[in-house]
Amino acid sequence: MREEEAFSDAIGALYDCILDPGKWTDALGQLSRYVGGSSALLLHQDYRSGAGGFLQSYNVDPDWTRLYFEKYVHINPVLPLTAFMDVGSATALSRVMDIEEYRRTPIYAEWAAPQRFHDVVVTILAKSASVVGMFGVTRHDHEGLAGEGEIRRMELVSPHVRRAVTIARLFDGVRAQGTALAATFDAMSDAVWLLDAAGVVLFANAASRVLIEGNGPVAKAGGRLAFRDGIATESLNAALRGLRNGGPVGEFPVSSPDDRPFIAYLVSLAPKGRLAPVSGAACALFMRPVVADEMPPMQALAQLYGLTPREFQVFTGLLQFGGVPEVARNFGLSATTVRSHLQSIFDKTGVRSQSDLARLAASSLPPVVSR
């Protein structure tokens, strides 16, 4: 199969999950094969507590995934390095950490190696002050380390995975309610419209009606839906044409007269491979305000003092494990290397002890230090 066809099939399977959550395993399998791996994971993790979970997976033993959060999440040497990744970016474990150092860590010897995990290609789906969401495709021993091709293909699928997860969560909110459809949509904070194939409004929830008032972004909701932002209206019409031709989803930005940014998702309600119906509800439009993610405090601290990714890794390791020998053992480093990075951290932050580093990290506003 050509790469273009494999990409199209994988993305189509991904968007099928929006209406049918039972298809996630198959979709992740197709994404894994397209990127270039043998298993795949969707997960989220709290930077501070380590709590989190695997949202969906393919070809991964659930007992091993449970063990990760029970025992190994706090000693994962790669997690601190995700603080330096932007949402939508992709890389491989072997690109951010020396692979021989990684193989000396307990998490590799006790958790990754028994599963034959050799390398992982990862993309950041979302990042806030406390939580990071990731999608990873794991390469097994026989597949070798990831190369530029695998990372490039992960970058291609990343926006589609983010979009599918976001919209699926909106639909999950509807499914979780055991009430009538109108009451369920009205309880949602996101604006929702049900449209026919021509964009005529068949239903609008309470949150959508608020956007018509004052300087809201919606120009009218009687008849065909339109926005005060002419470019957004053109994008909506183009997305509607795409749905009429069998496309699965459309996404576009919307601005309001008072410069508030929104993001809109148009989702077909027709089964895969079927054209949108001419009459009746053909699609659902979800719209929500864009809220800038707050930079994780530790990431902000790293940028403030100009710490390198490896220095930041050692910094967080010291906070977690408490001493140089423990950091060296858990991160696969020599004690000499850890001490070298620690001295550099002292020089950059202006502190002179590990206890001072702990106080610096605990402070929500890093103190001004004298050098």
Side-chain angles (χ1 to χ4, degrees), residues 44-52 72-108 120 122-124 126-134 151 292-371:
H44 66 95
Q45 187 166 328
D46 190 295
Y47 282 111
R48 293 171 293 199
S49 69
Y72 296 105
V73 62
H74 293 290
I75 61 173
N76 184 352
V78 179
L79 183 65
L81 302 177
T82 62
F84 289 82
M85 293 181 63
D86 296 326
V87 172
S89 63
T91 189
L93 182 153
S94 57
R95 298 298 179 94
V96 299
M97 185 174 181
D98 183 270
I99 200 68
E100 294 305 320
E101 290 178 355
Y102 176 66
R103 288 172 179 165
R104 292 195 294 266
T105 64
I107 191 173
Y108 174 78
V120 60
V122 65
T123 183
I124 303 298
K127 189 163 62 172
S128 68
S130 60
V131 178
V132 59
M134 295 177 282
I151 295 173
D293 285 341
E294 179 186 354
M295 181 181 294
M298 289 296 290
Q299 181 182 351
L301 187 147
Q303 291 192 8
L304 176 65
Y305 292 106
L307 302 182
T308 67
R310 179 48 60 86
E311 290 166 352
F312 183 67
Q313 182 190 43
V314 169
F315 189 177
T316 58
L318 289 167
L319 297 177
Q320 290 177 351
F321 311 129
V324 170
E326 292 79 7
V327 173
R329 180 175 63 85
N330 285 302
F331 286 176
L333 303 172
S334 69
T336 300
T337 298
V338 174
R339 292 191 187 95
S340 175
H341 288 304
L342 179 58
Q343 184 58 55
S344 180
I345 295 168
F346 284 162
D347 292 342
K348 290 182 177 181
T349 60
V351 303
R352 290 292 175 264
S353 69
Q354 292 183 41
S355 59
D356 287 340
L357 280 180
R359 283 191 289 270
L360 181 63
S363 175
S364 58
L365 291 176
V368 176
V369 293
S370 58
R371 298 182 182 275

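Quick caveat: nothing in here was measured; it's all calculated off a predicted structure.
Summarising the geometry, atom CZ belonging to Phe331 is positioned 14.5 Å from atom CG belonging to Asp98; distances are rounded to the nearest 0.5 Å. To the nearest 0.5 Å, atom OG1 of residue Thr316 and atom CG of residue Leu81 are 8.0 Å apart. Between Leu79 atom CG and His74 atom NE2 the span is 10.5 Å, to the nearest 0.5 Å. To the nearest 0.5 angstrom, Met85 atom CE is 8.0 Å from Lys127 atom NZ.
The minimum heavy-atom distance between Phe312 and Ala302, with the atom names listed, is CD1-CB, 3.6 Å.
The side-chain contact (heavy atoms from CB on, under 4.5 Å) test applied to Arg103 returns Ile99, Glu100, Tyr108, His118, not counting sequence neighbours. By the salt bridge (Lys or Arg N to Asp or Glu O under 4.0 Å) test, Glu326 pairs with no residue at all, sequence neighbours left out.
Residues Thr82 and Ile124 are in side-chain contact: their nearest non-hydrogen atoms beyond the backbone lie under 4.5 Å apart. In this structure, the side chains of Arg95 and Ile151 come closer than 4.5 Å at one or more pairs of heavy atoms. In this structure, Val96 and Gln313 have side chains that are not in contact, with every pair of non-hydrogen atoms separated by 4.5 Å or more. With a 4.5 Å cut-off on side-chain heavy atoms, Pro106 and Ile75 count as touching.
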> Going through the distances and angles, do Val314 and Leu333 end up as a side chain to side chain contact (heavy atoms under 4.5 Å, CB included)?
Replying inline: CA-CA 10 Å; Val314 169; Leu333 303 172; 4.3 Å; yes
>> Set out, in order, the CA-CA distance, both residues' side-chain angles and the distance that settles side chain to side chain contact (heavy atoms under 4.5 Å, CB included) for Tyr102 and Ile107, then state yes or no.
In response: CA-CA 8 Å; Tyr102 176 66; Ile107 191 173; 4.1 Å; yes
> Lys348 and Thr308: side chain to side chain contact (heavy atoms under 4.5 Å, CB included), yes or no, with the steps?
Replying inline: CA-CA 10 Å; Lys348 290 182 177 181; Thr308 67; 3.9 Å; yes
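At least one donor-acceptor pair under 3.5 Å links the side chain of Thr123 to the backbone N or O of Ser89. At least one donor-acceptor pair under 3.5 Å links the side chain of Arg352 to the backbone N or O of Phe346.
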Tell me which donor-acceptor pairs under 3.5 Å the side chains of residues 335-343 have, and how far apart each pair is, sequence neighbours excluded?
from	atom 1	to	atom 2	distance (Å)
Thr337	OG1	Ser334	OG	2.8
Gln343	NE2	Asp347	OD1	3.1

